[in-house]
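Heads up: the structure comes next, in structure tokens.
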2 protein chains.
Amino acid sequence: MPKLGMEPIRRAALVKATIDEIGASGTLDITVSKIAKRAGMSSALAHHYFGGKDQIFLAAMRHTLTVYGAEVRGALIMADNPESRLEAIIRAGFTTSNFRREIVAAWLNFYVLAQSSPQARRLLTVYQSRLRSNLIYNLRPLIADRAAGAAERIAGLIDGLYLRRGLDQSDDAGRDATKHVLALLRAELRGQS
Amino acid sequence: MPKLGMEPIRRAALVKATIDEIGASGTLDITVSKIAKRAGMSSALAHHYFGGKDQIFLAAMRHTLTVYGAEVRGALIMADNPESRLEAIIRAGFTTSNFRREIVAAWLNFYVLAQSSPQARRLLTVYQSRLRSNLIYNLRPLIADRAAGAAERIAGLIDGLYLRRGLDQSDDAGRDATKHVLALLRAELRGQS
DNA sequence: TTCTTTATTGACTCGTCAATCAAGAAAAAC
DNA sequence: GTTTTTCTTGATTGACGAGTCAATAAAGAA
């Protein structure tokens, strides 16, 4: 029963299934068949739409980064001054949805993949640059010349706490991490580090 | 020509070869044969001494953490007051040897492995706990009740900057990261975050 | 010397998996 | 109503890899 216009539907299903499968196994060492089965189709169809395993992974990575980016942008429109924008950026990284097992697993594996896949590396670099420039842009009106260094530290603490807390799936891990990064933000805004 | 007492030699060679192979591929998706070849023996021998791939990985992880722990301890004996001990702990994480491709690759992959292997998780937890308690122990005489929070942030920033800088193999990444964590340390010692 | 322990490997088994392909089936175009 | 395009899969191929095993060889023990 081939309906037309299946391509975007199939692709989306495969991307979601890929992330779920990564979450279930913790690894990128998963098979196309498993992904396809989870998405309700044959492995041949997955190859048909994506061409190969690598492309599927990259699409999953792109999707994860896109969702994250959208979340940040969504949080930003609610804020109307630099300080609350900074707070929004920080909070966006630690929402419960970002702490779901599959999402944590995806991020960790993307870091691993970035070591060997130039395309994955590029995507990760885009994420890191965007986070840094977002921070700097909103820090500059508040602390001018110290903005760059502060942004580096805040970005580093976001990634680091995500890494440390992502593994232990406790439900207040996000709240706790947010608290610490906000504490750093206040210190940066106050002090002369 | 079987000399006796080969076991420790073979095991050490396999552990080193494993880390190098992880560094060369960026993944844990490497074969026992490749590891064994790199270590100058047959894959059967690797199985003989380690029993299986998982055990080899765990041994490599244990070794990496042991070396790191020794580095920290070595740096600590040179320091005779809490503040310089804190500085030593921070510096130890960002030595050039810790920024070698293989070591970064190993750490990233251990984080991934920790999601699915309870034993790997346990090892990583040991590392994280030791770092935190080291920090708290030396922060307490300086800032007493704020020690715990500060330790969490410093540990997070160490891991986060390692993650962010580990990928771009520039040679002053370590110096730069150290600078930022030390800046945070000074802010924590001064301020009331 | 004979026996046992340690070291070592090549060959093999059994399984898995990415990728391909030919073929079928339904919609749309003509 | 025939042809073309889109969608779909089962079956197959070709490769690779973890783990086992029987066999060899040297060193030490008896």
Side-chain angles (χ1 to χ4, degrees), chain A residues 1-61 105 109 112-113 116-120, chain B residues 1-61 105 109 112-113 116-120:
Chain A
M1 51 294 254
K3 306 130 192 174
L4 294 201
M6 291 304 288
E7 177 154 357
I9 297 171
R10 294 303 198 186
R11 290 179 85 100
L14 282 167
V15 163
K16 175 166 189 340
T18 301
I19 294 172
D20 288 348
E21 193 68 25
I22 293 173
S25 78
T27 324
L28 290 187
D29 197 3
I30 54 182
T31 73
V32 175
S33 300
K34 282 254 190 78
I35 296 171
K37 182 171 216 172
R38 194 184 278 266
M41 71 195 80
S42 73
S43 73
L45 197 55
H47 278 100
H48 174 67
Y49 281 124
F50 276 101
K53 210 182 178 182
D54 304 348
Q55 320 273 300
I56 302 183
F57 284 157
L58 286 173
M61 189 165 170
N109 280 288
V112 165
L113 190 61
S116 59
S117 157
Q119 309 189 55
Chain B
M1 52 294 252
K3 307 129 193 174
L4 293 202
M6 291 305 289
E7 176 154 358
I9 298 171
R10 294 303 198 187
R11 289 179 87 99
L14 282 168
V15 163
K16 176 170 187 338
T18 301
I19 293 172
D20 289 349
E21 194 68 25
I22 293 173
S25 77
T27 325
L28 289 187
D29 196 4
I30 54 183
T31 72
V32 175
S33 300
K34 283 253 190 78
I35 295 171
K37 183 172 215 171
R38 193 184 277 266
M41 70 194 81
S42 72
S43 73
L45 198 55
H47 278 99
H48 173 66
Y49 281 125
F50 275 100
K53 211 183 179 181
D54 303 349
Q55 320 273 294
I56 301 182
F57 284 157
L58 285 173
M61 188 166 172
N109 279 289
V112 166
L113 189 61
S116 59
S117 157
Q119 309 191 53

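Chain identifiers are assigned alphabetically (A, B, ...) following the order of the sequence lines, protein sequences preceding nucleic acid strands; residue numbering begins at 1 within each chain.
Annotation for A:K53: atom NZ counts as buried by contact number, over 12 foreign heavy atoms lying within 6.0 Å.
Nearest to the side chain of A:H47, among C:dA7, C:dA18, C:dT9, sits C:dA18. Closest to the side chain of B:L45, out of D:dT9, C:dT8, D:dT6, is C:dT8. Checking D:dT6, D:dG10, D:dC21 against every side-chain atom of B:A44, the shortest atom distance belongs to D:dC21.
B:G51 comes within 4.0 angstrom of no nucleic acid atom, judged by non-hydrogen atoms across all strands. As judged by a 4.0 angstrom heavy-atom cut-off over every strand, A:I9 is placed among residues making no nucleic acid contact. Nucleic acid contact for B:T31: sugar-phosphate only, since backbone atoms but no base atoms lie under 4.0 Å from a heavy atom of the residue.
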Exercise. Report the C-alpha separation of A:M6 and A:I9 in whole Å, then their side-chain angles, then the decisive distance to 0.1 Å, and conclude whether the side chain to side chain contact (heavy atoms under 4.5 Å, CB included) test is met.
Key: CA-CA 5 Å; A:M6 291 304 288; A:I9 297 171; 4.3 Å; yes

Exercise. Kindly determine whether A:V15 and A:F50 satisfy side chain to side chain contact (heavy atoms under 4.5 Å, CB included), including the steps that lead there.
Key: CA-CA 10 Å; A:V15 163; A:F50 276 101; 4.1 Å; yes

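Atom NE2 of B:H48 is separated from atom C1' of D:dT24 by 14 Å (rounded to the nearest Å). Atom pair B:I35:CD1 and D:dG17:P shows a separation of 11 Å (rounding to whole Å applied). The separation between B:E7 atom CD and C:dT6 atom P is 10 Å, rounded to whole Å. If you take CG of B:L4 and P of D:dA29, they are 9 Å apart, rounded to a whole angstrom. In this structure, B:D29 places its CG atom 13 Å from C1' of C:dT16, rounding to the nearest Å. Taking atom CE of A:M6 as the reference point, atom P of C:dA25 lies 18 Å away to the nearest angstrom. In this structure, A:Y49 atom OH and D:dT9 atom P are separated by 10 Å, rounded to whole Å. Atom NZ of A:K53 is separated from atom P of D:dA15 by 18 Å (rounded to the nearest Å).
The phosphate of C:dT6 has neither OP1 nor OP2 within less than 4.0 Å of any side-chain N or O from B:R10.
For the pair B:A39 and B:L14, the tightest heavy-atom approach, listed with the atom from each and the gap, is CB-CD2, 3.9 Å. Across all their heavy atoms, B:I30 and B:S25 have their closest contact at CG2-OG, 3.2 Å.
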